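Everything below concerns the one structure shown next.
Remember, it's a predicted structure, so these values are computed and weren't measured experimentally. Computed from heavy atoms alone, side chains included, the values below leave out hydrogens, waters and symmetry copies. In listed order, ligands and their atoms are each counted from 1.
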Amino acid sequence: MSASHLSRLRVRDLRTYVEADVELGPGLTVVAGPNGAGKTNLLEAAYLACTGRSFRQASDQDLVRRGAEAGHVGATVQTAVGPSVFSVGVHPGDRRRLRVDGNPVDGLLEHPGRPRMSVFLPDRMVLVKGGPALRRSHLDGLLGVLRPSSGPLRRGFHEALRQRNALLSSLKARGTDVGRAAEELAPWDRTLAGAAAALTTARRETAEAIKPAVNARAAQLGLSGELEIAYRPRSAEDPDEVVAALAERHAGDLDRGFTHHGPHRDDLAVRRDGRLITRFGSQGEQRLSLLALLLGEADVIEEAAGQRPVLLLDDVMSELDADRRARLVAVIRERGQALVTVTEASHVPGADDPEVGAIDVTPGSAQATRVASERTPEAAA
Ligand SMILES: Nc1ncnc2c1ncn2[C@@H]1O[C@H](COP(=O)(O)OP(=O)(O)OP(=O)(O)O)[C@@H](O)[C@H]1O
Ligand SMILES: [Mg+2]
């Protein structure tokens with residue numbers, strides 16, 4: 001199992017950072033500092049360097065430090081075949097400049113040597129707390145990672161849906177009667193049904209693939225009861241059945257002007273002892289469920305891609321009791337590289353151990369990381 005890890009991260013003029021240069025060990029590194037000090041920003045920079053993207057969907061303007069014209073991040077990555085430097089230059093109004101070992105590349109995501117990253121951000125809690133749309137796209141994202149060739153399958157479905165909806169809306173606008181509409185819809189029903197059935201199968205297989213790992217991680221994290229991930233498809237895996245179901249709903253679809261049957265209404269149910277965690281879980285239980293989901297997925301990705309994802313865990317300890325914190329740290333430490341942010345290092349049991357790295361981003365703290373203060377960003381330049 002190759003475990004690429006970041007050994008160094010250099011940041012210039014991104015977010016709060018005028019300049020930061022940190023070394024990272026292959027295991028756990030605790031990033032500590034008060035609110036607003038730049039902990040999440042540091043994780044964001046690590047992610048940006050290795051993917052070319054911000055995990056907060058930030059614009060280039062947002063990313064570049066206020067008062068600077070351009071920003072840059074470079075990560076030295078220890079891969080199975082030696083070290084490589086992944087870097088990203090951010091120039092608002094211009095394209096991001098992506099490089100591997102100094103050579104320009106079109107994308108980092110496709111680069112074979114890039115480290116995989118699994119990210120926990122507090123706002124990902126909407127995955128367990130929020131509506132089904134996010135879980136669908138999360139499941140599709142996972143499908144894309146586990147089966148990179150599934151891109152056409154996912155796009156094919158959305159394209160077929162878009163075209164059928166466009167037709168429905170035009171039929172509706174023209175006041176077409178159901179009989180005539182059914183004739184015009186028939187070929188689109190077929191196309192959509194084929195794509196829908198294939199996507200449903202792929203989603204079911206993806207959900208099934210992560211189920212055991214998620215369950216195992218939940219138990220390790222001390223989530224009492226059985227955590228169950230269940231794919232809840234809205235349509236069949238047999239194209240003929242989907243065609244029939246679409247045909248049955250022609251009148252309703254025509255009435256609304258869009259398709260209301262199919263995988264675009266699927267959900268992924270997360271239950272603990274049979275009860276939906278979304279509705280019945282406590283804060284800590286929801287957090288543990290999300291962690292179990294992300295860690296279980298990371299396990300499956302590791303197995304499928306032959307590469308262990310680096311964990312970026314932002315503000316993961318809050319809402320967890322001492323026992324769950326200790327369990328989480330134990331799980332993280334036996335996995336590989338992880339960057340964990342906390343407001344107090346003492347929130348991480350074992351933070352003082354010599355194998356655990358520490359980065360203090362407290363403004364003015366004496367260490368390799370220099371952090372610009374919010375009020376006078378130029379002062380530290
Ligand atoms: N482009 C930018 N230029 C300068 N400062 C920025 C920029 N973007 C964000 N910031 C500042 O970064 C700070 C937030 O940093 P960050 O989110 O990393 O904090 P944090 O240490 O994670 O805090 P918390 O503990 O509250 O999560 C805010 O004060 C924000 O104003
Ligand atoms: Mg933060």
Checklist entry - Between S87 and H72, is any pair of side-chain heavy atoms under 4.5 Å apart? => result yes

Next on the checklist: So V85 and R99, do their side chains get closer than 4.5 Å, heavy atoms only?
Outcome noted: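 They are not in contact (no side-chain heavy atoms under 4.5 Å apart), so the answer is no.
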
So does [X] pair up with [Y], basic N to acidic O under 4.0 Å?
X	Y	value
R180	E183	yes
D62	R56	no
R190	D240	yes
D21	R8	yes
R136	D140	no
R174	E184	yes
E334	R217	yes

[X] neighbourhood, listing ligand 1 atoms whose heavy-atom distance to it stays under 4.0 Å:
X	result
T16	11 (C), 12 (O), 13 (C)
G38	15 (O), 16 (P), 18 (O), 19 (O), 20 (P), 21 (O)
V64	1 (N), 2 (C)
R15	1 (N), 2 (C), 3 (N), 4 (C), 5 (N), 6 (C), 7 (C), 8 (N), 9 (C)
P34	21 (O)
R56	17 (O)

Checklist outcome for this item: Going by the 4.0 angstrom heavy-atom rule, the piece of L42 near ligand 1 is neither

Checklist entry - Should the proximity of D62 to ligand 1, defined as any heavy atom under 4.0 Å, be assigned to the side chain, the backbone, both, or neither? => result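 Answer for D62: backbone.
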
Between [options], which one has a non-hydrogen atom sitting closest to [atom]?
atom	options	answer
atom 23 (O) of ligand 1	G36, A45, G33	G36
atom 24 (P) of ligand 1	E44, R66, K39, R65	K39
atom 16 (P) of ligand 1	N41, T343, L63	N41

Does [atom1] belonging to [X] count more than 12 external heavy atoms closer than 6.0 Å?
X	atom1	answer
E69	CD	no
Q61	CD	no
D106	CG	no

Checklist entry - Measuring from the heavy atoms of A37, does anything fall under 4.0 Å of ligand 1? => result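 Checking ligand 1 against A37, which is what was asked, there is a heavy-atom contact under 4.0 Å.
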
Next on the checklist: Would G67 count as a contact residue for ligand 1, given that I'm defining contact as a non-hydrogen atom of the residue lying under 4.0 Å from a ligand atom?
Outcome noted: no

Checklist outcome for this item: Between L221 and A292, the two heavy atoms sitting closest are CD1-N, 3.8 Å

Next on the checklist: If you measure every N or O of T40 against every N or O of ligand 1, does any of those distances drop under 3.5 Å?
Outcome noted: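 Indeed, backbone or side chain, T40 has an N or O that close.
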
Checklist entry - Short N/O distance, under 3.5 Å, between Q61 and ligand 1? => result no

Checklist entry - Excluding waters, which protein N, O or S atoms are within less than 2.8 Å of the Mg ion (ligand 2)? => result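 As for protein N, O or S atoms lying under 2.8 Å from the Mg ion (ligand 2), they are T40 OG1.
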
